[in-house]
Amino acid sequence: MAFVTANWNPLGDAFYRKIELYEMTWNLRDGLKDCLKNGMIAAAPYGGPIALLRLPQQRSPSTRPQLEIYSSSGLALASFPWKSGEVKQLGWTVSDELLCVQEDGTVLVYDLFGSFKRHFSMGNEVSQSRVLETKIFHSPYGTGVAILTGASRFILASNIEDVKPRRLAELLGLQGAPTCWAVLSQDRQSKVLVSNGSNLYILDNATCTSVTPPGLSPQASSVIHMCVSFSYKYLALLTDSGHVWMGTSNLKEKLSEVDTNIKTPPKQMAWCQRPKSQQPSVVIMWDGLLLVVGECKETIQYHLDEDCLLVPELDGIRIINKTHHELLQEVPDACEEIFKIASMAPGALLLEAYKEYEKKSQKSDEYLREITEQNLLGEAVKQCVEAAGHEHEPETQKTLMRAASFGKCFLSSFPPEPFVSMCRDLRVLNAVRDYTVGMPLTHSQFKQMTLQILIDRLVYRKFYPLAIEICRYLKIPEYQGVSRVLKHWACYKVQQKGESDEVIAKAMSAKLADAAGISYSEIATTAYDSGRTELAIKLLDHEPRSGEQVPLLLKMKKSPLALSKAIESGDTDLVYTVVMYLKNELNRGDFFMMLRNQPVALSLYRQFCKHQEQETLKDLYNQDDDHQELGNYYVKASYKEPRLEARIGLLQSAVDEFYKAKNEFAAKATEEEMRLLRFQRKLEEEKGEPLVGFSLHDTITALLSVGLHKHAEQLYKDFKVPDKRYWWLKLKALAEKGDWEELEKFAKSKKSPIGYLPFVEVCIKHHSKYEAKKYVSRVTPEQKVKAHLAVGDLESATEAAIERRNESEISAVLSRCSANTDQALMERLNRAKATAVKK
Amino acid sequence: MAQTERRRDAPELPDFSLLKRVARDQLIFLLEQLPGSKDLFIDADLMSPLDRIANVTILKQHEVDKLYKVELKQVVSTSDQLCFLIRPRIQTVKWISDLVNSDKAAGRFRRYKIIFTPQKFYACDNILEEQGVYGDITTDEWNFYILPLDDDILSLELPEFFRDNFLEGDQRWVTTGGSALYLLQNMYGSFSKVYGIGRCAKMVYESWREQMEDGEKRIKQPEFAKVFLIDRDVDFVTPLCSQVVYEGLVDDIFRIKCSSVEFGPDVTSSDKSIKVMLNSQDKVFNEIRNEHFSNVFGFLSQKAKNLQTAYDKRRGMDIQQMKTFVADELKGLKQEHRLLSLHIGASESMMKKKTKQDFQELLKTEHSLLEGFEIRACIAYIQEHISRQVSMIDSLRLLCLLSLTENGLLSKDYRSLKSQFLQSYGIHHLLTFANLRQLGLLVEQQSGETLTVMESKVGKLVNDKTVGKLTDAFSSLAKKSNFRALSRKLALVPKSGEEYDLRVPRDMAYIFSGAYIPLSCKLIEQVLERDGWTGLEEVTRMLNGQEFAGSAGGHSSDAQRIILVMFLGGCTYSEISALRFLGKERGCRFIVVTTAITNSARLLEALLENRA
């Protein structure tokens, strides 16, 4: 504890510290020298992996370079001989994928474990004029690649997930490589800043603009090195005069300028600024010397024994050499406040108080009093918690947290969340910093990266148990946490060629059984993709959502299974998907056979055919010998047929089918329809009356209305129209026409099967009281009253009603009486009613 | 009056206008996906629902230039961007692909976007692909599942649900039903208990449960206590009866569309037609909608008198009083006056139609059928009805009622009635009869033997797993509508001879003049009373089983007495009135979710085969 400040160096108002992260476990006999010289080394940010391309010792054409990937702690992750073309640059994407840019502009993408994923090209121009230099950068859109071609042109792709190489404007007069260049991100566009000779230029899609950084020292004649900060907000330029200019990356504002007094070109330069820090700072590395430059004139110098690689991070710089891995950063405020020598900050006092308390000394109380008197105890606890987050040594973390916890005892209303969550974060961080995992994340990096991503990265590195532990420990909902990890584990597991289906399936069900929301279909897809169809089917059985099962089953050509799964799901849309797929996949016969066994699918397909393929519908019914439906089909088809002969032909087919279906009723009805149609046509031709298509009833009506009584009569007889119907029909038709004479003839032709009351009513309906009266006398006694009432003959109605002594009829007559009616009549009615009731 | 004030402890209903807002926002978002001015083509049956969500002004604000109805004809639009708002129907999609192809042939470049509502079906994509226009069209889904028609009526506005699901055996709308419930649950909190009856109801419930399991679980104070799902084919009798409650009658005669009705000149007593919104906002309508028609006239005239008195108050007012009168009351009175005169007009027009001899006899026949009384006379009446060509739909309705209540027709009657019907209305109704038979609406009485033979024949064809499902599918074909037995068991038909005072309804039978308690509503009442299906085993057996009950994950809180009833295949206004009555009696509120509002005419029209 006493030595916390031992590795601190002051620079201006701030302190910088160098912490050892790991002793590298790798065994690089010849160090990093070669790799560094050729740019054949790259380390991913956020404590990511390191990739090296090691050239063979003897330069013989038969030996190939070796590509090696290590974790941040130097554990080997992959190693394989490089068999592709000459590599110009290695780099990592934001999602920890390795990019190898070849001389011909092809970019190969590998995963963390060195398995090839894909490749893309930077375009024809690059492959023709070759790659001179390459930079990999991170833009808001993802990871990008910038290439300087042999023809001194810059080609840029902002996002390798969606490669669209852009050619930037030409820098006139540039031949070969410029002194130095860097990719800037401005206005959501990636641009290139180039130093050529004594000038600086910004290149974008269309223009090449010359720029001068404000306030650059006059001694400088050219910029020999430049670097952009991690956030792409700041830019540092090193001039030939040894001055370092620091400013914003839009070159509008200068932050500081420091003279290093070294005029040789450096090996590497990088920003080393903590977010929210007051002081801009840049680290420059020469052979054997590392310089930290800030605002003030002084600099910090470190001597280096080994060749190093600087890896810029969000809040500092990692320094990797043959044996060690260190972190150089500005000391965070909270740490500085607490540990600075003779600090009187509340946090420092609290730490002291705690230490004394441990020693069981009463001084503890004094310190505590001092804080509480200033009312700063809350602040003190906060400082301790924060500082603990920034410390790497678990012992220091513990001490600080204990101090915070001690201080908290004296506070009544201090929210527990920051303390608790810091404890959790630290536990997670310490776990991933372990050299077996090798992710040296700082607390700020962790917060920036988010827990989700951290878990993703652990999964990516196949640390499944650790990821699950973390999820459980942090109580992440199963969906996003444990289940997701398990799914990845399962996907990995099914790719293991060595194990039998049985073993894997067993292991799966044991592990995944109680996890909620596992998508078995994804696992099955992976299994299928790695050629294990049987296993995939087994796994799919566990998938509860049929919507997920079916597409994969189709892909695996297990169509019958897919169909029955789709039907089980009750999701019609899914069934449709399968049916349509099968339709194109199978020959017609097989397809129909399959549908036959699946009525739900069959009815769906019929629906489809009704709208799309009438002919297929027929074939379907045919295959099933469904004569009833076939009959219906022909009947339906007949409507659409304009030509009468064809129409009758179709109906004949319908009749045949109906007979086969033993539906004699329908057959007979259809036969009649055919007869009717022929009759209608004949009459149409003879009389020119449009009749075809009418129902029998309407046909007769039409005939009557034009006076073709004979023909109507013929139809009536031929088609055995019930008497009642015919009488009604004729009555209405004649009345409609006003052919009273004919009506009278008709009424007298024989005894009406519907009685004569309808005659009366229909006449009245057509406003002919005179005609109506003709029939009143013929109405049966039971209906007499109604008939009289219908023609408005109250007196006769009264007579009839009284005669019949029927109470309800008398009431009916009464209800029609009004004030104007004869009083005597009403009296009679009332009297008759009374006697009727008595009876 | 039946319309007593609702019980004071009756719960407040949730605010369903939120659903409209959500739907509107999503639509606007989708429209903005196609920036610039565009012409919008709308499916004819989406027009009215759309109007309730976003009117023309809103559409214009989002750069919709012209509006067209989808008519499956040539397009005259000159816009370079065409947007189609349609139901996922094969025909429409085909039409659009043809349009795109003809544009292509003419060398014309346009941008096309199809917005499917409420969801896209795979078949649609498939058509686009087959027609080779998949890449030319962008598609989207407008998840507009529910249109609130009134405070207590939510509609999916899917009239085709009935035919697709029950006749064609196409279950694609099942997930829509599930999604609608899921949406309600997400927005208004979960349910404590679920009951249901019917095959489709069960499937909807499954689909809803699946979505629940997949989706995020949000714990919300439940707003609904229970939900009851019912298939239309559980009770066909009720929708086939003539409606005599005011709202139902208006629907039967004038056809209410999306809770708006167009009153013709005979009602408005002018030469113009007027469109009127019929919902609880209309004070006059709200008071008479659930009334038996015979009471409506008396009520309206009372109302007119009250109005007159209110107007008369002016007399003898001083200036100041007059001023406040004009400011505060006059507008309300005027509005009321307008509505009153409309409803009086409507009632008069209905009176004219309905008090005729024919209608009285029709009702009498219906009641006899329900009671199972003087069946021969009923058949004779139906025969006459057919041979006089009174009304095709009504004839069909009576035939179906006869078959349903009598458990099928005797062979002799079946044949003779059918052939008479064909003579009257044409041979193409052969197909209609085939459909009715399939649904079990109009069947021949069958001896037990034939059925078993058929089932075993079918059984041989398929493997074991699907046998259950298949027999379900065929059960409708063979369904016995044990109406008589059900009616006895549940006391659906009150004893005849008793006087029924329609002014003071005793039970839900008042909606059919006291002649019949709707089976659907009675079932709901019974299940809610028993809190499950126990004790109703015999009833469910007669209804072909398929009942279920479950908990829906929500916490049970008895304070919530809002009950959601979902009708799959449509419900009638009469049923809604009956449920409102039940709610009043029990001190709870019912919310009706239906795939569409239906009535006898719509139900039967859905089963006709188009001649075109």
Side-chain angles (χ1 to χ4, degrees), chain A residues 479 517 544-545 564 567-577 580 596-600 602-604 606-608 610-612 628-629 631-632 635-636 638-640 651 654 658 665-666 668-670 672-673 676 693-698 701 719 721-722 724-726 728-729 732 754 758 761, chain B residues 88-91 94 119-123 125-127 129-130 164 168-175 203 206-207 210 213-214 216 357 383-384 386-389 414-416 418-420 422-431 433-434 458 461-463 465-466 469-470 473-474 609-612:
Chain A
Y479 270 109
R545 289 164 303 175
S564 49
I567 289 167
E568 259 172 57
S569 78
D571 181 347
T572 310
D573 211 19
L574 210 54
V575 181
Y576 233 110
T577 317
M580 286 303 146
R596 224 172 128 160
N597 297 331
Q598 300 284 10
V600 178
L602 182 61
S603 70
L604 262 181
R606 276 192 196 142
Q607 268 276 74
F608 175 79
K610 264 182 198 164
H611 292 293
Q612 287 287 79
Q628 174 67 36
E629 281 298 333
N632 286 347
V635 171
K636 214 173 187 182
S638 77
Y639 306 145
K640 295 193 181 130
L651 285 175
F658 283 138
F665 173 79
K668 286 258 159 61
T670 318
E672 281 197 2
E673 170 72 9
L676 180 63
F694 282 13
S695 72
L696 178 61
H697 190 118
D698 295 342
T701 312
F719 287 90
V721 177
K724 277 186 181 176
R725 169 192 289 270
Y726 185 66
W728 263 113
L729 195 159
K732 273 165 89 181
I754 52 171
E761 283 173 349
Chain B
R89 294 189 189 114
I90 291 177
Q91 259 179 318
K94 181 94 193 308
Q119 74 225 66
K120 180 165 78 173
F121 288 129
Y122 175 78
D125 268 349
N126 198 55
I127 303 275
E129 216 173 302
E130 273 182 8
D164 281 352
E168 314 268 10
D170 176 348
Q171 300 149 352
R172 61 181 153 167
W173 298 115
V174 166
T175 32
M203 290 174 73
E206 293 290 326
S207 150
E210 250 171 56
E213 276 164 23
D214 279 359
E216 251 179 278
Q357 192 88 28
Q383 261 169 348
E384 197 186 310
I386 295 172
S387 41
R388 288 173 57 191
Q389 281 190 319
Y414 186 62
R415 274 154 202 257
S416 85
K418 261 171 46 174
S419 73
Q420 292 194 36
L422 292 181
Q423 285 186 357
S424 268
Y425 300 112
I427 176 90
H428 58 280
H429 287 293
L430 213 51
L431 304 181
F433 285 128
V458 167
L461 280 175
V462 284
N463 48 22
K465 229 176 185 179
T466 41
K469 291 203 167 173
L470 194 71
F474 273 82
E609 285 297 335
N610 264 339
R611 290 193 70 166

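Chain A is the first sequence line, chain B the second, and so forth, proteins listed ahead of strands; every chain is numbered from 1.
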*Is Tyr122(B) close to Leu574(A) at the side-chain level, that is, under 4.5 Å between some pair of heavy atoms?*
no

*asked:* Is Lys732(A) close to chain B through its backbone or its side chain, or both, or neither, when contacts mean heavy atoms under 4.5 Å?
replied: side chain

_chain A contact via Glu206(B) - side chain, backbone, both or neither, heavy atoms under 4.5 Å_ = neither

*asked:* Is any side-chain heavy atom of Pro722(A) closer than 4.5 Å to one of Gln423(B)?
replied: yes

*asked:* Between Val721(A) and chain B, with a heavy-atom cut-off of 4.5 Å, which part of the residue counts as in contact: side chain, backbone, both or neither?
replied: both

*Where on Thr670(A) is there a heavy atom nearer than 4.5 Å to chain B: the side chain, the backbone, both, or neither?*
both

*How long is the span from the CD1 atom in Ile754(A) to the CZ atom in Arg388(B), to the nearest 0.5 Å?*
8.5 Å

_Can you confirm whether Lys418(B) is buried at NZ, in the sense that more than 12 heavy atoms of other residues, nucleotides or ligands lie under 6.0 Å from that atom?_
yes

*To the nearest 0.5 Å, how far apart are CD in Glu130(B) and CE in Met580(A)?*
7.0 Å

_Residue, of Thr175(B), Val174(B), Asp125(B), Ile127(B), that accumulates the most heavy atom pairs under 4.5 Å with chain A_ = Ile127(B)

*Looking only at non-hydrogen atoms, find the nearest pair between Gln420(B) and Arg725(A) and report the distance.*
O-NH2, 2.6 Å

*Taking all non-hydrogen atoms of both residues into account, name the closest pair between Ser695(A) and Leu422(B) and its distance.*
CB-O, 4.2 Å

*At what distance, to the nearest 0.5 angstrom, does CG of Leu729(A) lie from OG of Ser424(B)?*
8.0 Å

*Just give me the residue among Trp728(A), Tyr576(A), Tyr726(A), Phe694(A) that pairs up with chain B most often, heavy atom to heavy atom, under 4.5 Å.*
Trp728(A)

*asked:* Between Gln383(B), Lys120(B), Lys94(B), who has the most heavy-atom pairs with chain A when the cutoff is under 4.5 Å?
replied: Lys94(B)

*Can you list the residues that meet the side chain to side chain donor-acceptor pair (under 3.5 Å) rule with Gln389(B), with sequence neighbours excluded?*
His697(A), Asp698(A)

*Going from OH on Tyr425(B) to CG on Leu696(A), what distance comes out if it is rounded to the nearest 0.5 angstrom?*
13.5 Å

_Heavy-atom pair count under 4.5 Å with chain A, highest-scoring of His429(B), Met203(B), Gln91(B), Arg415(B)_ = Arg415(B)

